[in-house]
Number of protein chains: 2
Amino acid sequence: MDAAEFRRRGKEMVDFVADYLENIEHRRVYPDVEPGYLRSMIPSEAPLEPESYEDVLKDVDRVIMPGITHWQSPHFHAYFPSASSYPALLADMLCGGLGCIGFTWGTASEATLMALLAARCKAVKCVHESDPQRSEADIISKLIAYTSEEAHSSVERAGLIGGVGIRMVATDEHFSVRAETLEKMVAEDKAAGFIPFFFCATLGTTPSCAFDKITELGPLCNAENIWMHIDAAYAGSSFICPEFRPLLDGVEFADSFNFNPHKWLLVNFDCSAMWVKKRTDLIGAFKLDPHWGIPLGRRFRSLKLWFVFRMYGQSGLQAYIRKHVELAKVFETMVKKDKRFEICAEVVLGLVCFRLKGSDELNEALLKEMTHLGRIHLVPCKLRGRFVLRFAVCGRTTELRHVQEAWTHITELSSELLLKHHS
Amino acid sequence: MDAAEFRRRGKEMVDFVADYLENIEHRRVYPDVEPGYLRSMIPSEAPLEPESYEDVLKDVDRVIMPGITHWQSPHFHAYFPSASSYPALLADMLCGGLGCIGFTWGTASEATLMALLAARCKAVKCVHESDPQRSEADIISKLIAYTSEEAHSSVERAGLIGGVGIRMVATDEHFSVRAETLEKMVAEDKAAGFIPFFFCATLGTTPSCAFDKITELGPLCNAENIWMHIDAAYAGSSFICPEFRPLLDGVEFADSFNFNPHKWLLVNFDCSAMWVKKRTDLIGAFKLDPHWGIPLGRRFRSLKLWFVFRMYGQSGLQAYIRKHVELAKVFETMVKKDKRFEICAEVVLGLVCFRLKGSDELNEALLKEMTHLGRIHLVPCKLRGRFVLRFAVCGRTTELRHVQEAWTHITELSSELLLKHHS
């Protein structure tokens, strides 16, 4: 779908929403379908090839609308109001169109936190069974979680919130956690009276898109009764391509898994998908289904996934992932050809970590000038203590020429900078 | 703004978004304004009267766009991609238009959880200072949080996640927590070696919209060094009307406060506003500002609030709240006139708790029939162990006639039911 079609479809959608809201009171406010009615009406897999937008819209009426509780109906008197107004809808359209992400001090990544809390609950129960005298507080005070030194800061924050110890595991030359290292730490901690209970593996770390060796780590965690959670926030989308599926080998040992379709699967923010091996582990940890109460709400996020799956098809989504990876390879090749630069981590997917050979100060100055000019936007990372530039292929519309222009811009700035530096 | 204007403005917005995305690469990808640039460009208060949509859109260009980092630009290579696609935007418009809220087993209400965790961190530090030998785990195991027996289940879940004890405080005949009751519990717990540290007060409980007496509870909490968090999820919006402000008396004693504009302030889901007295309490609890890292993202939610404030003005929002309260009063009057029914809690805002005089089974049967027919939608609650029906005024378009029709429907069903019951 291009911009021209979006203009047409978007205007139709505005009318669809206005029609819906103008006539909502004539609809049955509460649906008379049974939970699960949907399953037999939709295919069990995403379509291989893109479908027509007309077919998707027809299915909105055929399969979605019969299951809707009409919260905006004047006949709705349940719970409390769920606000809606035309100006807010317009602002939300603008918010989606801008697609910019605000940074905040918000709580930890929910999926990691939930996995850690479920694991904590399971560990407490397990220790309690073998030693009923021991108090829950005492057990919790001995629990130890592990994650890569390269992992996202939200893992550390989850440990902080959960009130458990968290240890950072050193990585190998590819920035990957290896079983040998974790095994040693676990043994030491057990000998000191601690209880290892949780390991957050990362597939595609934030700094360099490194992959922990879960084929080794999984059996270790399973044997040690350590919950293995996999954070594949960015890389997870790439696993829809058969050629990238080997990166996921070892997932069979995981207790939980998360990735963010809002990163790389053409689904606007926010949309994060979590899988858990045993549902009861989560249910037990969060005391679900209170007798009565308004559970926490969530937006109808699956609608976005569904539109995207159908309009792109598996083939379209695969092509999109592959294009990004290819553009990263092009960028890598250009960096490698210029002897003033070095590549700092293996390029596996759409991220290239590179730097000017030389001091951190030099690279910091390069990034500062880039940011000052505002023509391209990169953020840095630290790898082995060194200041490194991250070039991520991000945009839906990023083409070869943008990558080439970006590289020309970077090399021109570097030349000026090196000239100044040497004079 | 009515549906006709929404159709026009919505189509303009579709073009605005398409224009934006088609020309995004010509924009400076990273803004060159300083944080805080916005403050001097916008008024410090919401407008009293509604403004014109043209003025709002002009300000989008004048004050908002200069501060935007263009995440969808092909020149954006920072962090990881933030997905966007036309089908997802269309689905998001539909999601907003439907405005239905999914129920899920998700984590606890974030605001309550964050307040509890910040209070936990503060309490641990405080005890630690006077008794440096005592371990953090030991202190946490003695911490006690309190909330009303009428409070939302998310408070209990926050305690569960935070690993602290949580006690339910009994309420008076108005379903309000009183200082006397809490004071006694705190004294007993202290005598038993526990450390009271957190009280979640509710202004407008979910079952009956009751208000804890924070004018009494606030001084007690302050004196006992107990963090007082106020959950005013629903009722908070009503405080924009001077006549409802007295319900907020005592807020000056609070450490944190939360309400959900997405409930009753015409801002589509989700939008929740939290205030904290001392920023440093939160910053300390969550180890903010990591050296490097991608903080958790959030959508540009304030845009919705801003559109709504400007398009309705304070006067329009106040009128909206007052209309809902008035409709609830109308419903209450009708219930009171029918001797077969009783009112079960004082009607303060837009919620009426009522029941047929008689058994729980009778009232359950009434609700079941209502739900089966699907003409109106209500949910029940338990008050003092009895099954009670909640009639909440929810819809933006709910008018007097809808409330009257609902009551006619309820009384007709009740007559049939009572006839069957007595025969």
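None of the values given here were measured: they were computed from a predicted structure. First the proteins, then the strands, lettered A, B, ... as listed; each starts at 1.
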Can you tell me which portion of A:Arg8 sits under 4.5 Å from chain B's heavy atoms? Options are side chain, backbone, both or neither. neither
Heavy-atom check, side chain of A:Cys121 versus side chain of A:Val124, under 4.5 Å: no
Turns out that what part of A:Phe6 lies under 4.5 Å from chain B's heavy atoms comes down to both
Quick one, B:Phe331 with B:Val393, criterion side-chain contact (heavy atoms from CB on, under 4.5 Å). Give me CA distance, side-chain angles, the key distance, then yes/no. CA-CA 10 Å; B:Phe331 188 86; B:Val393 180; over 6 Å; no
When heavy-atom pairs shorter than 4.5 Å are enumerated against chain A, which of B:Ser73, B:Ser141, B:Gly374 gives the highest number? B:Gly374
Residue selection (most heavy-atom pairs with chain A, distance under 4.5 Å) from B:Leu378, B:Leu351, B:Leu98, B:Thr69: B:Leu98
Taking side-chain contact (heavy atoms from CB on, under 4.5 Å) as the test, write out the residues that go with A:Tyr53, two or more places apart. A:Met1, A:Glu5, A:Arg9, A:Glu12, A:Met13, A:Leu57, A:Phe307, A:Met311, B:Leu90
So which of B:Gly97, B:Gly96, B:Cys271 has the largest heavy-atom pair count under 4.5 angstrom toward chain A? B:Gly97
Looking only at A:Glu136, A:His70, A:Glu399, A:Glu25, the option with the highest number of non-hydrogen pairs under 4.5 Å against chain B is A:Glu25
Quick one: do B:Asp32 and B:Arg28 satisfy side-chain contact (heavy atoms from CB on, under 4.5 Å)? Show the steps, please. CA-CA 9 Å; B:Asp32 59 354; B:Arg28 186 193 157 93; 3.5 Å; yes
Under a 4.5 Å heavy-atom cut-off, does chain B meet the side chain of A:Glu22, its backbone, both or neither? side chain
Part of A:Thr371 lying under 4.5 Å from any heavy atom of chain B: both
Tell me, side chain or backbone of B:Leu266 under 4.5 Å from chain A's heavy atoms, or both, or neither? both
Determine, for A:Asp2 against A:Arg7, whether the closest basic-nitrogen to carboxylate-oxygen distance falls under 4.0 angstrom. no
A:Leu303 versus chain B, the contacting section by heavy-atom distance below 4.5 Å: both
Largest heavy-atom contact set with chain A, pairs under 4.5 Å, which of B:Lys142, B:His324, B:Arg120, B:Arg27: B:Arg120
So for A:Arg310, is it side chain, backbone, both, or neither that comes closer than 4.5 Å to the heavy atoms of chain B? neither
Heavy-atom distance under 4.5 Å to chain B: side chain of A:Val352, backbone, both or neither? neither
Chain B heavy atoms under 4.5 Å from A:His409: which part of the residue, side chain, backbone, both or neither? neither
Report yes if the side chains of A:Ser85 and B:Arg396 come closer than 4.5 Å at any heavy-atom pair, otherwise no. yes
Under 3.5 Å, is there a donor-acceptor pair between the side chain of B:Asp92 and the main chain of B:Ala88? no
